[in-house]
Amino acid sequence: MAAERLLAAGVTVEVFDQMPSVGRKFLMAGRGGLNLTHSEGLTAFVARYGAGAAHLKARIEAFPPDALRGWADGLGQQTFVGSSGRVFPKPLKASPLLRGWLIRLGRAGLKLNLRHRWTGWDEAGRITFDVAGLPSVTTAPDVTILALGGASWPRLGSNAAWVPVLEKQGIPVSPLMPSNVGVTISWSEIFRQRFEGEPLKRLSVTCAGQTQTGEAVITRTGLEGGAIYALNPAIRDELAANGYADITVDVRPSFSAEELTAKLAVPRNKQSTSTFLRKAAGLPPVAIALTREGAGGTLPVNPLALATLIKAIPLRVTGLGGLARAISTAGGVRFDAVDEHMMLSARPGVFVAGEMLDWEAPTGGYLLQATFATAAAAADGAVNWLERR
């Protein structure tokens, strides 16, 4: 995106990528349908970035969701709004979009340099690369944009090898941590064997006073899914402070505790507990088992106590999944290290964009939107820098 905007401004552009082909993580995002952005109002949209909202607001307002949809349309990939408000290209994959994009960039004059791993700057200030089988390769551009990714899915190229390079330059980098990743919970063996891979639909999860509603999936080691991903920052803070994070799960969020208590107060007759909960409360087997798991194996008989449990099943999280399988990364180059044009204060003429900056967002189109918006901002800043010089 940065290259495209620079080319449109008449700048000669070269892209250096350490991988054998470009856009590998973009293609990985396409495996889930390529959720480009979201259709909600801009105020609510920006608020999704939490602590990063203040830093991203102007960048996203300058390149909002409608601009991203227009860009995709211009590549012949019309978008549509799904039932959840998320925006996708109609083919529901990234490859047609990337293919058309690279053709357009090539026609605009972009030069690609693959298998070039950025290693920093030499004593003369030239950019240096490691290229397999060759001595150190250097180049001396008038302006540089670093878009080196975070640390999630490192096999696709974003391996955070840039962190020590920038820190050596005195550029502050917040620690890179997994975001939008599952959590670790010590299930009983019988629960794990019976329900691994089972979805939990329409639930609410609460941690440290924050609640998210959505879906989740039972994994061998814990829970993952949208409701869990959105609570990653709160869970991460609790883990850092206590070594664990206590969460509660409401498997019947559509009912109040009073309504659920009334439903559970009807006579059970000779029904088993599972049959009674399925009929009276509409709970599927996986939700019943999770309630039992949170209760330590024995469910209360009292309707109020049982309803209270179903509305707040206690679970203890002992960790987050690793960076290798995280959807995205928290942490990165701190915003106080860049100016309003995304330029590094410590390296004039060097701009930063994308996930290597210190922000995070829930899934839902917010990740790609901010990545594109910061790239556009960095490119505009670079053009401004060149014009002023």
Side-chain angles (χ1 to χ4, degrees), residues 2 14-20 22-26 28 51-52 55 113-141 143-181 232-233 236 239-240 319-339 341-360 367 370-371 374-375 377-378 381-382:
E14 292 190 51
V15 165
F16 294 83
D17 195 307
Q18 70 173 336
M19 304 302 287
V22 298
R24 293 195 171 199
K25 199 168 184 183
F26 187 65
M28 173 62 77
H55 303 294
N113 302 275
L114 303 175
R115 295 186 172 88
H116 283 62
R117 184 172 63 84
W118 178 72
T119 54
W121 296 271
D122 64 11
E123 293 179 356
R126 296 172 300 188
I127 294 177
T128 59
F129 300 94
D130 273 350
V131 183
L134 296 174
S136 182
V137 173
T138 64
T139 185
V143 69
T144 302
I145 296 176
L146 300 176
L148 302 169
S152 63
W153 288 94
R155 67 181 179 83
L156 301 179
S158 55
N159 57 13
W162 54 267
V163 173
V165 179
L166 291 190
E167 288 182 331
K168 188 177 180 180
Q169 299 286 320
I171 297 164
V173 179
S174 297
L176 298 179
M177 298 172 289
S179 182
N180 292 299
V181 69
N232 271 186
R236 198 166 50 234
L239 287 168
L320 289 174
L323 281 165
R325 295 302 297 269
I327 293 174
S328 60
T329 307
V333 176
R334 285 171 25 189
F335 276 95
D336 58 9
V338 299
D339 67 11
H341 300 295
M342 313 297 287
M343 185 173 72
L344 288 170
S345 302
R347 298 288 311 196
V350 178
F351 298 77
V352 182
E355 203 178 342
M356 67 183 294
L357 284 159
D358 187 9
W359 60 272
E360 65 176 314
L367 295 164
T371 299
T374 55

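Values below: every heavy atom of this structure, side chains too, minus hydrogens, waters and symmetry copies.
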Peer 1: Do Asn113 and Val137 make a side-chain contact, defined as non-hydrogen atoms from C-beta onward lying under 4.5 Å apart?
Peer 2: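 Asn113 vs Val137: side chains apart.
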Peer 1: May I have all residue pairs that pass side chain to side chain donor-acceptor pair (under 3.5 Å) and include part of residues 118-128, sequence neighbours excluded?
Peer 2: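 The answer is Thr119-Thr128, Asp122-Arg126.
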Peer 1: Can you find a heavy atom in the side chain of Trp153 that is under 4.5 Å from one in the side chain of Thr329?
Peer 2: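 Side-chain contact under 4.5 Å: no.
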Peer 1: Between Arg117 and Asp130, is the closest basic N to carboxylate O distance under 4.0 Å?
Peer 2: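 Looking at Asp130 and Arg117, the cut-off is met.
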Peer 1: For the residue pair Ile145 and Ala353, what are the closest heavy atoms and their distance?
Peer 2: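 Heavy atoms only, the tightest pair is CG2-CB, 4.4 Å.
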Peer 1: Measuring from atom OG1 of Thr374 to atom CG of Leu357, what distance do you get when rounded to the nearest 0.5 angstrom?
Peer 2: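 That separation rounds to 6.0 Å.
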Peer 1: Using the salt bridge (Lys or Arg N to Asp or Glu O under 4.0 Å) criterion, which residues pair with Arg347? Sequence neighbours excluded.
Peer 2: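 For Arg347, no residue satisfies salt bridge (Lys or Arg N to Asp or Glu O under 4.0 Å) once neighbours in sequence are set aside.
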Peer 1: Hey, does Val352 have a side-chain heavy atom less than 4.5 Å from the side chain of Met342?
Peer 2: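 Of all side-chain heavy-atom pairs linking Val352 with Met342, none is under 4.5 Å.
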Peer 1: Residues two or more places apart in sequence or in another chain: which of them pass salt bridge (Lys or Arg N to Asp or Glu O under 4.0 Å) with Arg325?
Peer 2: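 With neighbours one apart ignored, the set is empty.
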Peer 1: Determine which pairs satisfy side chain to side chain donor-acceptor pair (under 3.5 Å) with at least one residue from residues 156-167, sequence neighbours left out, and list them in order.
Peer 2: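 Every candidate side chain to side chain donor-acceptor pair (under 3.5 Å) pair involving residues 156-167 fails, so no pair, neighbours aside, qualifies.
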Peer 1: For Arg155, check side-chain hydrogen bond (donor to acceptor under 3.5 Å, both in side chains) against everything at least two apart and list the hits.
Peer 2: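 side-chain hydrogen bond (donor to acceptor under 3.5 Å, both in side chains) check on Arg155 returns nothing, list empty.
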Peer 1: Is Glu360 close to Arg236 at the side-chain level, that is, under 4.5 Å between some pair of heavy atoms?
Peer 2: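 Counting from C-beta outward, Arg236 and Glu360 do come under 4.5 Å.
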Peer 1: Under 4.5 Å between any side-chain heavy atoms of Glu355 and Ser328, yes or no?
Peer 2: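 With C-beta onward as the side chain, the pair touches.
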Peer 1: Determine the interplanar angle of the Phe335 and His55 rings, folded into 0 to 90°, and report it as parallel if under 30°, tilted if 30 to 60°, perpendicular if over 60°.
Peer 2: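 Plane angle under 30°, so parallel.
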Peer 1: Partners of Asp339 by salt bridge (Lys or Arg N to Asp or Glu O under 4.0 Å), sequence neighbours excluded?
Peer 2: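 Expected list: none.
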Peer 1: Can you tell if the side chain of Pro20 reaches within under 4.5 Å of the side chain of Leu114, non-hydrogen atoms only?
Peer 2: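 Answer no - side chains too far apart.
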